[in-house]
Number of protein chains: 2
Amino acid sequence: MEAAVVEIRDIAGHAGQEVVIQGWLYNLRESGKLLFPLFRDGTGVIQGVVVKAAVPPEVFERVKGLTQESSVRVTGKPRADQRAPGGFELDVSEVEVIQRVPPEHPYPITPKEHGVEFLMDHRHLWLRSARQRAILGVRHEIIKATRDFFDNRGFTLVDTPIFTPAACEGTTTLFEVGYFDEKAYLTQSGQLYNEAAAMAVGKTYCFGPTFRAEKSKTRRHLTEFWMVEPEVAFAHLDDVCKLAEELVASIVEKVLEKRRPELKVLERDVAKLESVKVPFARLRYDDAVKILQEKGSEIQWGGDFGATDETILSEQFDRPVLVTHYPAQVKAFYMATDPERPELALCVDMLAPEGYGEIVGGGERLADYDELLRRVHHEGLPQESFEWYLDLRRYGNVPHAGFGMGIERAVAWICGLDHVRETIPFPRMLYRLKP
Amino acid sequence: MEAAVVEIRDIAGHAGQEVVIQGWLYNLRESGKLLFPLFRDGTGVIQGVVVKAAVPPEVFERVKGLTQESSVRVTGKPRADQRAPGGFELDVSEVEVIQRVPPEHPYPITPKEHGVEFLMDHRHLWLRSARQRAILGVRHEIIKATRDFFDNRGFTLVDTPIFTPAACEGTTTLFEVGYFDEKAYLTQSGQLYNEAAAMAVGKTYCFGPTFRAEKSKTRRHLTEFWMVEPEVAFAHLDDVCKLAEELVASIVEKVLEKRRPELKVLERDVAKLESVKVPFARLRYDDAVKILQEKGSEIQWGGDFGATDETILSEQFDRPVLVTHYPAQVKAFYMATDPERPELALCVDMLAPEGYGEIVGGGERLADYDELLRRVHHEGLPQESFEWYLDLRRYGNVPHAGFGMGIERAVAWICGLDHVRETIPFPRMLYRLKP
């Protein structure tokens, strides 16, 4: 009987049985008459042991000559070993080489250090590294936890369009596309469409790529990034504050439950994640400004927070903090204002701990038709393009609120990464469109 | 104690209790001293009963004066009634009007017939109709079932980029974007990136919007549509045929399990969906051509199928049919060919029943480096742009296969729709960029 093909993640169920692993050579150590090839198959990594006396000479020579990332089909028996990373080693009996990477053109990414630009140019290969696979796994879990969260609460997914005829918030950071004889812009947010959907299905979310032609080259900016945006009819600011904190807490909980091995590869301090429980800290903008001024920030009431301000604020708490009631002037035109203090928006930003900055932004939407129309004009937006949006206030207007969460910033924080470029499989930035 | 706000879908658990429904007036019937307002809240529809003698006169008059889509907060007691669509009616005691749609500017979509262009111009409101909400619900379920299918089988979601530096298959249907000082193109498929990801994680899928600048105006074409694309290392044609049929069968099963009420609204013949079980029918291109010629098609061996050909083929079976081994010349450059008959591609198209045409396309990828390079040149593609893709054959090349499934075509088929424009919340087509 032929040995069964087994994924490395399932190896524990096959101890002592002959199995076949299909994968790639990740590394190779030699020690006299022993070879220790490290194999990976995308689901895990396992160390093989090849004993010269126990295999035909050609098998030993074949393994000895294997180059990094050569593809192989390995036959062997898994054996429990407490010292092994996955708890098992593989006693190898046969190795079939599918493709041997020629030693004269070796795999370009070696265990030594490489520069960032080099790694980014080889992103299609860099993804194979243990660190990048760990990030991909955590990203997968974050996205799955997010969708499950909304699906389990009766939200309907309503995909909003990528091609939009007009800008949601200003035009300077829009990507323009020739759309037959017209011009279209790539979406920056599904927000306005979400509001239409919320009036149809009550509770909705969209989840897709969004685009910003950011000319700034910082560790927090991508031109293409994914965003989840829920919107709830009949909800107020406090409802979305609760929704946002419950979402983020449930994501962190799921990652801690399912992705401990990945967090270990990333050397993430999980204690910092374990404290992320509801309720999160809450702070009004007024008080945030006072804290910042006490800490030496030059911020004045009325201004928006800079990256340093956000870091200072987030360092005050062991979990994310919800900052509410910003001055309306620094927020988008569709934000509702506080009836008691009309200069304040009924908005919320969630700042991640450890200096990761804003990961959620949202609030209550302006429901009043006349005031919304006034703001459209005030912003210099063409009324005609917003007639459909104004229709939502003409026909069955209700209070409603929502927010957006940037996936890459959440991945950066939860994985503990310095730069968003590693949070997305194929990052797109100011000078980066390849591969 | 104030009555609890309840969603209509949960009404059965609150029979006889005083509850509050938040929503919109969907319709209103009068019958002497009785009013029958139909309320919707996005989760369902319930008929209210207002008895003139049982409520204060102002409540009766308020309801009587309600216009379609006015937003309301309704207090009442749910009462089981077998004749009611959801099994319950609401004995109304109070109605608070949040916004009354003014009778002089009534809601534009009335129960009477409207033209398609009118409805498309009012898509932001049209979504509120029972039929459109039913489609949104089925679409949600199809997407969720798709993601769960791959997640439960150990696939890693790897989002592929929207901005791409070069075309995957030709350039005539690409949307071009100014990307700072460069040009970028909107993705038509995550395929090539998926192959890189499969070498990193073994089994991967991407799921996002894709774009085609289709100048044709047919009932099957959108310029922006969503696609799921799995890719599996070490897989061959037969593996992805099985994967595709299991995916589609599991989607149909989930929709039948969870979305019967929506299918009823859509008047879908569910018997036709109930027969969609694995194994699906399989047919080689050679035999498909013979069937078509017998049925009077003018197709010659070597040509691709037209829409009519696909309809004829799909009518031969009560479930989807997998057509394999097309002539290589009609398939993409990265397709593997049959070693026994090199003029054939190791490819598969799945045709949905009832004339819905191709919903899945895929196959085994060309693994050989030299042959792939030859095809890149043969297609006139710039080698430099494909160096990263060629790297996948240089470093740890393995057999691999995958496919793409268009979500909107799957929605059209499962919902039984005539046109893809209703399958996506905000459709984008040749002359349609708004709202």
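Lettering follows sequence order; numbering is per chain, from 1.
Not a single donor-acceptor pair under 3.5 Å links the side chain of A:His140 to the backbone N or O of B:Thr156. With hydrogens and angles disregarded, a donor-acceptor distance shorter than 3.5 Å links the side chain of A:Arg428 to the backbone of B:Phe163.
Note: B:Val398 leads B:Val97, B:Val398, B:Thr43, B:Asp121 in heavy-atom pairs under 4.5 Å with chain A. Taking A:Leu136, A:Ile143, A:Ile162 one by one and counting their heavy-atom pairs under 4.5 Å with chain B, the maximum is reached by A:Ile162. The most heavy-atom pairs under 4.5 Å with chain A, out of B:Arg394, B:Arg147, B:Arg73, B:Lys144, come from B:Arg147. Annotation: maximal heavy-atom pairing with chain B below 4.5 Å, among A:Ala197, A:Gly154, A:Gly208, occurs at A:Gly154. With chain B as partner, the option from A:Val101, A:Leu433, A:Leu430 having the largest number of non-hydrogen pairs under 4.5 angstrom is A:Leu433. The candidate with the highest count of non-hydrogen atom pairs below 4.5 Å against chain B, out of A:His122, A:Gln68, A:Arg393, A:Arg9, is A:Arg9. For the options B:Lys203, B:Glu182, B:Arg100, heavy-atom pairs under 4.5 Å to chain A are most numerous at B:Lys203. Of the listed residues B:Glu176, B:Arg133, B:Glu69, B:Met199, the one with more heavy-atom pairs under 4.5 angstrom with chain A than any other is B:Met199. The choice from B:Cys206, B:Pro209, B:Ala200 that makes the most heavy-atom pairs within less than 4.5 Å of chain A is B:Ala200. For chain A, the option among B:Leu127, B:Leu125, B:Ile424 with the highest count of heavy-atom pairs below 4.5 Å is B:Leu125.
Taking CZ of B:Arg123 as the reference point, atom CH2 of A:Trp388 lies at 12.5 Å (rounded to 0.5 Å). Taking OG of A:Ser385 as the reference point, atom NZ of B:Lys434 lies at 6.0 Å (rounded to 0.5 Å). The line from NE2 of B:His124 to CD of A:Glu387 is 9.0 Å long, rounded to the nearest 0.5 Å. From B:Thr160, atom OG1 reaches atom CZ of A:Phe426 across 8.0 Å, with rounding to the nearest 0.5 Å. A distance of 4.0 Å separates CD1 in A:Ile98 from CZ in B:Phe234, rounded to the nearest 0.5 Å.
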Query raised in the report: Could you go step by step and tell me if B:Phe207 and A:Phe207 meet the side-chain contact (heavy atoms from CB on, under 4.5 Å) rule?
Result: CA-CA 11 Å; B:Phe207 197 154; A:Phe207 197 155; over 6 Å; no
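With a 4.5 Å cut-off on non-hydrogen atoms, B:Glu141 does not touch chain A at all. At a 4.5 Å heavy-atom cutoff, A:Ala367 makes no contact with chain B through either its backbone or its side chain. Using a 4.5 Å cut-off between heavy atoms, A:Asp148 touches chain B through its side chain atoms alone. For A:Glu195, no part lies near chain B; criterion is any non-hydrogen pair under 4.5 Å.
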